Amino acid sequence: MLRATKEQQSAIMLDLAINFADFMNAINLLPKGIFWSQTFSQSKAGFYGVIASGLGFYKLYKAAMWLVCVSWMSSTLVAYERHFDKGAR
C-alpha cells in the first residue's frame, strides 16, 4: 500500500484549493443559466480570483525556495570538493 508523505499531501491539498477557486470563478463566467453562472457579486468573484492567484504564487514561491536550496547545496559541495582536491596534491 502506497502512502503519501506529508509534503505530498500538502501539495495535493494546495492544488485542490487552487483548482476549486479557479473552478468557482470559471463557472461564474459562463452564460447565465448554466449551473450558478453570473450569480456571484463582483466582490465574491474577485475573492475567488485573489485566493486562486495567491495560492498559485505561494506554490511558485515554495518551488523557487526549493530550487534555491538545491542550488546552494550543490555549489557548496563543489566548493568543498575543490578545497579538498587542492589539499590532496
Side-chain angles (χ1 to χ4, degrees):
M1 183 175 188
L2 298 175
R3 289 191 177 183
T5 64
K6 293 276 187 193
E7 232 174 74
Q8 289 171 329
Q9 288 176 348
S10 64
I12 290 169
M13 292 305 291
L14 182 61
D15 284 340
L16 283 173
I18 292 169
N19 290 334
F20 174 76
D22 278 338
F23 178 74
M24 295 295 283
N25 231 1
I27 293 295
N28 190 55
L29 294 174
L30 289 173
K32 196 165 187 80
I34 301 174
F35 297 119
W36 57 86
S37 60
Q38 298 182 9
T39 57
F40 292 161
S41 64
Q42 282 185 340
S43 60
K44 190 180 277 188
F47 171 76
Y48 284 119
V50 166
I51 293 296
S53 297
L55 291 175
F57 281 126
Y58 174 71
K59 184 178 174 181
L60 286 173
Y61 171 77
K62 281 179 60 175
M65 291 312 300
W66 180 84
L67 186 60
V68 166
C69 288
V70 168
S71 175
W72 176 81
M73 288 183 344
S74 66
S75 64
T76 304
L77 182 61
V78 167
Y80 184 77
E81 287 174 349
R82 284 183 186 159
H83 174 73
F84 284 101
D85 281 347
K86 287 179 184 175
R89 293 180 191 169

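Computed from a predicted model, the values in this text were never measured in an experiment.
- With side-chain heavy atoms closer than 4.5 Å counting as contact, directly or through intermediates, the hydrophobic cluster containing I12 also holds M13, L16.
- Pairs of residues two or more places apart, or lying in two chains, that qualify as side chain to side chain donor-acceptor pair (under 3.5 Å) and include a residue from residues 16-41 are S41-S43.
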Without placing hydrogens or testing angles, list every side-chain donor-acceptor pair under 3.5 Å for residues 50-64, not counting sequence neighbours.
{"unit_1": "S53", "atom_1": "OG", "unit_2": "G49", "atom_2": "O", "d": "3.0"}
{"unit_1": "K59", "atom_1": "NZ", "unit_2": "D15", "atom_2": "OD1", "d": "2.5"}

Are Y48 and F20 close enough, and set up right, to give a side chain to side chain contact (heavy atoms under 4.5 Å, CB included), and what steps lead you there?
CA-CA 9 Å; Y48 284 119; F20 174 76; 4.3 Å; yes
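- Tracing side-chain contacts under 4.5 Å through hydrophobic residues (I, L, V, M, F, W, Y), one never reaches L29 starting from F47; they form parts of separate clusters.
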